Amino acid sequence: MSTASTIATDLTERVRATRDAAQRVRLNALRMGEVQGQGYIGQALGAADILAAVYTDQLRHRPEDPEWKERDRFLLSTGHYAIGLYAALAEAGIIPREEIETYGSDDSRLPMSGMASYTPGMEISGGSLGHGLTVAVGMALGLRHLGSDSRIINFLSDGELNEGSTWEAAMGAASHRLGNLIALVDMNALQADGPTASVLSIEPVEAKWESFGWEAHRVDGNDVGALLRAFDAIGDRNPVGRPHVIICDTKVGRGVPLLEDREKNHFMRIEEHEWAICREQLIDGYEGAR
């Protein structure tokens, strides 16, 4: 087999493994949503491919040792996406899969908004939007100072691009040439007050990041192959260089037509009988696409 064929086969296998992981992440998220009957389930479904790509294919970590010194750090700036991250942490073996049944309950390690003091693998307490990238810059600087080649991967939303603190951090990252920093932007075009474009237009997003000194990659965030190719394009672990951003266009509720088409799908209340429909649509759609 030629080198080119070997590379193609390797990518095909990675895509297959990541797609399967994303399906399990979505199923985990649906189960957690059903426990509470409501939540940010649309964001979890939309970001599942991104989270699966990170935890299945990219992140250097030890499931049995979430505090491993040489790990990469995944920062969830959008604390309300915690349901999606818990689903990915369960898939990665960092938290027991059966623990997702406790989501949002009293004394659970899985509160509805992510808190670093509660959950293994949760690096920061997100939720005050616009702060995550600032923390990521500090972590990246600190790790480089220590001589570590660990990466910081910061997940943020398109709504966070409305925040001036995000752009201050972006300038700082480029100025310090933080080649060990990757930002992932979930471009689902929706925020609490309505469509992102009608709240505060942020386009042209790719050109903005590039003008701030970042290497920008824009992909379909629900296309696992495109996501993995974007990560591959970043290359080796050089802690000095241009920081990278992967701008991921996603669909809220991806994989569950009932939720994709719901008019108000930022925070959703779902009827008890609808959860079975959601699972059926997710499973049927995935099997039909294979």
Side-chain angles (χ1 to χ4, degrees), residues 14 18 22 47-61 70-78 81 84-85 88-89 92 114 121-124 126 129-146 148-158 160-161 165-188 205-250:
R14 289 165 58 206
T18 305
D49 299 299
I50 304 170
L51 293 167
V54 169
Y55 279 90
T56 301
D57 192 78
Q58 290 294 313
L59 203 70
R60 187 170 71 190
H61 69 287
E70 299 303 318
R71 72 190 185 281
D72 293 332
R73 276 75 167 171
F74 179 84
L75 309 188
L76 184 72
S77 183
T78 51
Y81 279 60
L85 181 54
L89 292 174
M122 184 73 69
E123 297 282 356
I124 62 170
L129 299 183
H131 292 179
L133 190 60
T134 303
V135 176
V137 168
M139 282 191 177
L141 274 169
L143 286 169
R144 190 171 70 185
H145 178 72
L146 293 171
S148 171
D149 70 344
S150 295
R151 278 177 166 164
I152 303 294
I153 300 177
N154 182 71
F155 183 99
L156 61 157
S157 65
D158 52 0
E160 285 189 275
L161 303 189
S165 55
T166 296
W167 296 107
E168 290 181 65
M171 284 191 292
S175 178
H176 291 291
R177 292 185 53 77
L178 297 179
N180 55 349
L181 175 59
I182 301 171
L184 300 173
V185 183
D186 181 21
M187 294 283 293
N188 63 25
V205 175
E206 190 173 357
K208 282 188 172 73
W209 283 96
E210 289 175 344
S211 72
F212 273 71
W214 288 58
E215 188 75 32
H217 315 259
R218 189 162 190 169
V219 300
D220 179 345
N222 295 127
D223 181 337
V224 166
L227 285 165
L228 298 189
R229 287 190 292 272
F231 276 114
D232 288 349
I234 292 173
D236 59 16
R237 291 173 172 268
N238 187 348
V240 179
R242 294 178 74 184
H244 289 259
V245 58
I246 304 178
I247 301 159
C248 307
D249 294 294
T250 64

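Because the structure is predicted, anything quoted here is derived from the model rather than measured.
When all heavy atoms of W209 and A216 are compared, the closest pair comes out as CB-CB, 4.3 Å. Across C248 and G221, no two heavy atoms sit closer than the pair CB-CA, 3.8 Å. I152 and A136 make their closest contact through CG2-CB, 3.7 Å (heavy atoms, listed as atom of the first residue, atom of the second, distance).
Not counting sequence neighbours, the partners of D49 by the salt bridge (Lys or Arg N to Asp or Glu O under 4.0 Å) test are R26. By the side chain to side chain donor-acceptor pair (under 3.5 Å) test, T78 is found to be paired with no residue, residues two or more places apart in sequence or in another chain being considered. In this structure, D223 has no salt bridge (Lys or Arg N to Asp or Glu O under 4.0 Å) partners at least two apart in sequence or on a different chain. Shown here are the side chain to side chain donor-acceptor pair (under 3.5 Å) partners of T250, two or more places apart in sequence or in another chain: D186. For D149, the side chain to side chain donor-acceptor pair (under 3.5 Å) partners are R60, not counting sequence neighbours. Qualifying salt bridge (Lys or Arg N to Asp or Glu O under 4.0 Å) partners for R151, counting only residues two or more places apart in sequence or in other chains: none. Scanning for ring pair (Phe, Tyr, Trp, His ring centres under 6.0 Å) contacts around H217 gives H244, with sequence neighbours left out. In this view, D220 satisfies the salt bridge (Lys or Arg N to Asp or Glu O under 4.0 Å) rule with no residue, not counting sequence neighbours. With sequence neighbours left out, the side chain to side chain donor-acceptor pair (under 3.5 Å) criterion links T56 to no other residue.
The aromatic rings of F74 and F155 lie tilted to each other, with the angle between the two planes from 30° to 60°.
Separating the CG atom in L75 from the NE2 atom in H131 is a distance of 14.0 Å, to the nearest 0.5 Å.
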Stepwise, does the side chain to side chain contact (heavy atoms under 4.5 Å, CB included) test hold for I124 with M139?
CA-CA 11 Å; I124 62 170; M139 282 191 177; 4.1 Å; yes
Does the pair L143 and R73 meet the rule for a side chain to side chain contact (heavy atoms under 4.5 Å, CB included), with working shown?
CA-CA 10 Å; L143 286 169; R73 276 75 167 171; 3.8 Å; yes
Step by step, would you call S77 with N154 a side chain to side chain contact (heavy atoms under 4.5 Å, CB included)?
CA-CA 7 Å; S77 183; N154 182 71; 4.1 Å; yes
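Among residues at least two apart or in separate chains, salt bridge (Lys or Arg N to Asp or Glu O under 4.0 Å) pairs with a member in residues 205-218 are E203-R218, E215-R242, R218-D249.
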Let me check something: any side-chain donor-acceptor pairs from residues 225-234 under 3.5 Å, sequence neighbours excluded? List them with distances.
| from | atom 1 | to | atom 2 | distance (Å) |
| --- | --- | --- | --- | --- |
| D232 | OD1 | R14 | NH2 | 3.0 |
| D232 | OD2 | R14 | NH1 | 3.0 |

Return a table of donor-acceptor pairs under 3.5 angstrom between the side chains of residues 166-184 and protein atoms on other chains or two or more places apart.
| from | atom 1 | to | atom 2 | distance (Å) |
| --- | --- | --- | --- | --- |
| T166 | OG1 | E160 | O | 2.9 |
| W167 | NE1 | L161 | O | 2.9 |
| N180 | ND2 | A140 | O | 3.0 |

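Within the 4.5 Å cutoff, the side chain of S148 has heavy atoms near those of the E70 side chain. Looking only at side-chain heavy atoms (C-beta outward), Y81 and L51 stay at 4.5 Å or farther from each other.
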